[in-house]
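All values derive from a computational prediction rather than experimental measurement. Note on naming: letters A, B, ... go to the chains in the order of the sequence lines (proteins, then strands), and numbering restarts at 1 for each one.
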Amino acid sequence: MTVIARFAPSPTGKLHVGNIRAALFSWLYAKKAGGKYLLRLDDTDTERSTEEFAKGIETDLEWLGLKHDIFARQSDRIAEYESAAAALKEAGRLYPCYETGAELERKRKLQLSQKKPPVYDRAALKLTDDEKRALEAEGRRPHWRFKLDSEKTGFDDLVQGHVAVDAASLSDPVLVREDGSFLYTLPSVVDDIEFRVTHVVRGADHITNTGVQIQIARALGAEQPVYAHFSLLQGPEGRPLSKREDAAFSIEALREAGYEPMAINSLLARLGTSDAHEALLSLDELAAGFDISHLGRADIRFEPAELDRMNASILHLTPYEAARARLADAGCDLGPAFWDAVKPNLARFADVAEWARVVRGPITPVIEDADFAAEAAAELPAEPWDIATWGLWTEAVKGKTGRKGKALFMPLRLALTGLDHGPELKNLLPLIGRERAEARLRGVSH
RNA sequence: GUCCCCAUCGUCUAGUGGCCCAGGACGUCGCCCUCUCACGGCGAAAACAGGGGUUCGACUCCCCUUGGGGAUACCA
């Protein structure tokens, strides 16, 4: 059996660190099992779905490297849902209801005030054909509810263990709106069946839906997929991600802030497990070490600082070849020696520009002792320079001036880079070159 | 209101009655490396939410409290 996992976002908003986990986990699960990954746009809510959000989702997924093998969108598949709905009506599981939203709201309020669960009372089930005709004559159009079996629907969840959803405490879900359009519930089931989805990996907020959807799948005569409901990601304060945080931690915002996609993937793939939070350079490596059963049931916290550290780790591991194109784009491709020298000092990729400027100039040298700097300049050996040059030169300067340690090196760093911190100078010096080095030691911006 | 789930170092967690005066990872702190920052290496500090049971013995089982989260839509 080929594993097919799916990610089914609705294009009604942006992807963020919370909801992207469904995509990541689904992808990792499918790939580790040698299976396929389906991206399905659940765009049945035409009020809220937009093409812009759909595009954004695809852009984000592509940027993260979560390529799909199969693509579908529900708005293309209405006919399939119509026939499934017809089959359910045929089976007597889908029944027409005529209450307006306001009427339903009133019923709910009443139930609540009587301290009763706000469950739909199935009044519509008792309507006679004459009554239905009368309501339609009034101009009412029906919406359609799925008649739930009032039993506990159990399933074995890869994360939650055995779960039982008690349908008795649930309202019969509306599957078809008054205007004939579908809510997500039925299309989701129909598509999971038709695309032979074997594993549904989604947030724990869907557990109740799963109970309902299993009943629908059964009513349609289909097997249910395996479910994995992971616990929800909370914000840094240990509270649900706020609207504000959703925006700040959207994939788009993180991309624009200069985070590495693999930093996001690496962190999110291991957060919530006891597996080491290590920076991995490829999704395949991440998939190899991914075990969905390592996820716990408790909610987990997203700490932005962890992403920063992960991002730095990714950069520290990135080989020149992998960085080359981006270095060129940034106008900072000064070769492998440069990249290897400066990458341990990077927190974000864009920081590389600062070090490129230190190498190529212009920088303003900081000279505290002009005589010393001039003496040092005089000792600069002839080119070609390599990694040994720094040692040779500073040895010579030390002999000449009698300085050593910090008193020797810091003034050189300040003069050569204009900064009191940075990558090792033995690596930087050959890149700076004799001409610039000499000018800087003489206090000339270069 | 009702139902469901959760509760171990700062964070993510291991732990399924004795192996735990609680293990790992990240962070923190210290030391080493070192001209600096960073990287890297080594080491240390750091937790069982509270209260009752059950038991010879509870982080582990039960109950309550407290605190969190989710669901309860003609959203997904």
Side-chain angles (χ1 to χ4, degrees), chain A residues 8-13 19 42-45 47-49 97 99-101 104-105 108 111-120 141-145 160-161 163-166 168-171 173-185 187-188 202-209 211 229 231-234 236 238-240 267 270-278 294-303 305-306 309-310 312-313 315-317 340-347 351 390 394 403-414 417 419-426:
Chain A
S10 65
T12 55
N19 54 33
D42 283 8
D43 56 353
T44 55
D45 183 350
E47 288 285 301
R48 297 195 301 146
S49 296
C97 302
E99 296 89 346
T100 63
L104 290 170
E105 186 59 30
R108 262 192 299 271
Q111 288 168 313
L112 246 19
S113 70
Q114 293 170 175
K115 300 199 187 284
K116 286 197 285 203
V119 175
Y120 179 61
R141 308 294 313 158
H143 57 278
W144 299 76
R145 287 186 190 263
Q160 305 288 324
V163 177
V165 177
D166 187 2
S169 63
L170 263 33
S171 296
V174 175
L175 263 32
V176 187
R177 293 187 182 91
E178 184 183 340
D179 66 3
S181 67
F182 292 91
L183 280 102
Y184 114 108
T185 313
S188 180
R202 56 180 12 173
D205 53 336
H206 279 284
I207 287 175
T208 311
N209 288 330
H229 292 93
S231 53
L232 269 16
L233 190 71
Q234 301 192 313
R239 315 247 59 162
L267 178 63
R270 299 290 186 260
L271 241 202
T273 73
S274 57
D275 301 326
H277 295 183
E278 55 180 340
H294 289 189
L295 256 6
R297 289 198 274 185
D299 290 332
I300 58 182
R301 200 177 291 209
F302 171 72
E303 300 217 71
E306 274 204 273
R309 290 190 289 265
M310 188 60 85
S313 295
L315 257 11
H316 301 162
L317 291 172
D340 289 334
V342 306
K343 71 184 180 187
N345 281 70
L346 305 179
D351 298 345
W390 170 255
T394 53
R403 293 203 192 201
K404 60 182 181 180
K406 201 165 181 172
L408 168 67
F409 297 109
M410 189 47 81
L412 299 179
R413 170 175 292 281
L414 253 12
T417 70
L419 298 167
D420 65 359
H421 65 276
E424 289 190 41
L425 280 169
K426 71 170 182 186

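- Nucleic acid contact class of Asp42(A) (heavy atoms, under 4.0 Å, all strands): sugar-phosphate only.
- Of the possible donor and acceptor atoms, none in the side chain of His277(A) sits under 3.5 Å from a partner among the backbone N and O of Met310(A).
- Side chain of Arg145(A), nearest nucleotide from A76(B), C74(B), C12(B): C74(B).
- In this structure, the CD atom of Glu424(A) is 13 Å from the P atom of C39(B), given to the nearest Å.
- Regarding Leu112(A), its CG atom lies at a distance of 13 Å from the C1' atom of A73(B), rounded to whole Å.
- With C5(B), A76(B), A71(B) as the choices, the nucleotide that has an atom nearest any side-chain atom of Gln160(A) turns out to be C5(B).
- With rounding to whole Å, Met410(A) atom CE is found 10 Å from C35(B) atom P.
- We find that CD1 of Ile207(A) is positioned 12 Å from P of U72(B), with the value rounded to whole Å.
- Which of G68(B), U13(B), C74(B) sits closest to the side chain of Ile300(A) comes down to U13(B).
- Listed nucleotides: G69(B), U36(B), G1(B). Nearest to the side chain of Pro117(A): G1(B).
- For the P atom pair drawn from U65(B) and C56(B), the interatomic distance equals 28 Å after rounding to whole Å.
- In a base pair of the Watson-Crick type (N1 to N3 plus N6-O4 or O6-N4) or a G-U wobble (N1-O2 and O6-N3), with each distance short of 3.5 Å, G43(B) is matched with C29(B).
- The partner of G1(B) is U72(B), judged by Watson-Crick or G-U wobble contacts that both fall below 3.5 Å.
- With hydrogens and angles ignored, a donor-acceptor pair closer than 3.5 Å exists between the side chain of Arg413(A) and the base of U36(B).
- The nearest heavy atom of RNA chain B to Thr273(A) and to Ala204(A) marks one nucleotide each, and the one closer to the 5' end goes with Thr273(A).
- Under a 3.5 Å cut-off, the side chain of Ser169(A) and the backbone N or O of Asp166(A) do form a donor-acceptor pair.
- Here the P atom of nucleotide G23(B) and the NE2 atom of His294(A) are 20 Å apart, to the nearest Å.
- Interface remark: the Asn209(A) side chain does form a donor-acceptor pair with the A76(B) base, using a distance-only criterion of under 3.5 Å.
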query: Can Arg145(A) and Leu175(A) be said to form a side-chain contact (heavy atoms from CB on, under 4.5 Å), step by step?
result: CA-CA 6 Å; Arg145(A) 287 186 190 263; Leu175(A) 263 32; over 6 Å; no
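- Comparing atom distances between the Arg297(A) side chain and each of G70(B), C6(B), G1(B) picks out C6(B) as nearest.
- C20(B) sits 11 Å from A14(B) when the C1' atoms are compared, rounded to a whole Å.
- Between Thr44(A) and the phosphate of A76(B), there is a side-chain N or O to OP1/OP2 separation shorter than 4.0 Å.
- In this model, a donor atom of one side chain and an acceptor atom of the other lie less than 3.5 Å apart for Ser181(A) and Arg177(A).
- In terms of polar N and O atoms assigned as donor or acceptor, the side chain of Arg309(A) never comes within less than 3.5 Å of the base of C26(B) in a complementary pairing.
- Scanning atom types as modelled, no donor and acceptor separated by under 3.5 angstrom connect the side chain of Asp166(A) and the base of C3(B).
- Side-chain contact between Val174(A) and Tyr120(A) is absent, with no heavy-atom pair separated by less than 4.5 Å.
- Residues Asp43(A) and Thr12(A) fail the side-chain proximity criterion, which asks for heavy atoms closer than 4.5 Å.
- Here the side chain of Ala298(A) is nearest to one of G68(B), A7(B), A38(B), namely A7(B).
- Nucleotide C9(B) has no partner under the Watson-Crick or G-U criteria, as no pair reaches both atom distances under 3.5 Å.
- Pro411(A) comes within contact range of no nucleotide atom at all, as no heavy-atom separation falls under 4.0 Å.
- Between Arg270(A) and the phosphate of C12(B), there is no side-chain N or O to OP1/OP2 separation shorter than 4.0 Å.
- Here Arg108(A) does not reach the OP1 or OP2 of U72(B): none of its side-chain N or O atoms lies under 4.0 Å away.
- Rounded to whole Å, atom P of A7(B) lies 13 Å from atom CD of Gln234(A).
- Within 4.0 Å (heavy atoms only), Glu99(A) reaches at least one base atom of the nucleic acid.
- Between Trp390(A) and Phe409(A) the shortest side-chain heavy-atom distance falls below 4.5 Å.
- Closest to the side chain of Glu306(A), out of C26(B), G68(B), G70(B), is C26(B).
- Looking at heavy-atom distances under 4.0 Å, Glu178(A) makes contact with a base.
- At the heavy-atom level, Leu408(A) lies nowhere under 4.0 Å from the strands shown.
- Pair assignment for A22(B): none, as no Watson-Crick or G-U wobble contacts are both less than 3.5 Å.
- Between the OH atom of Tyr184(A) and the P atom of A71(B) there is a distance of 11 Å, given to the nearest Å.
- For Leu271(A), whose side chain is taken as the heavy atoms from C-beta onward, the closest listed nucleotide among G68(B), C12(B), A76(B) is C12(B).
- Which of C35(B), C5(B), C37(B) sits closest to the side chain of Phe409(A) comes down to C35(B).
- Across all strands, Gly272(A) comes closer than 4.0 Å only to sugar-phosphate atoms, never to a base (heavy-atom distances).
- Checking C61(B) for Watson-Crick or G-U wobble geometry (two distances, each under 3.5 Å) identifies G53(B) as its partner.
- Among the nucleotides A73(B), U11(B), C37(B), the one closest to any side-chain atom of Glu303(A) is U11(B).
- U16(B) makes up no base pair with any nucleotide shown, lacking Watson-Crick or G-U wobble contacts both under 3.5 Å.
- Heavy atoms of other residues, nucleotides or ligands lying less than 6.0 angstrom from CD of Glu47(A) number 12 at most.
- Base contact: Leu425(A) has a heavy atom under 4.0 Å from a base atom.
- Counting to the nearest Å, the C1' atom of G70(B) and the NE2 atom of His206(A) are 11 Å from each other.
- Interface remark: the His143(A) side chain does form a donor-acceptor pair with the C74(B) base, using a distance-only criterion of under 3.5 Å.
- Within 4.0 Å of Thr208(A), counting heavy atoms only, lie sugar-phosphate atoms of the nucleic acid but no base atom.
- Nucleic acid contact for Leu346(A): none, since no nucleic acid atom lies under 4.0 Å from a heavy atom of the residue.
- The side-chain heavy atoms of Leu170(A) and Thr208(A), taken from C-beta on, include a pair separated by under 4.5 Å.
- Using a 4.0 Å heavy-atom cutoff across all strands shown, Glu278(A) reaches no nucleic acid atom at all.
- Nucleic acid contact for Ser10(A): sugar-phosphate only, since backbone atoms but no base atoms lie under 4.0 Å from a heavy atom of the residue.
- Here U34(B) sits opposite no nucleotide as a Watson-Crick or G-U wobble pair (both hydrogen-bonding atom distances under 3.5 Å).
- Applying the 5.5 angstrom centroid cut-off and the 30 degree plane-angle cut-off, the aromatic ring of His421(A) is not stacked upon the base of A38(B).
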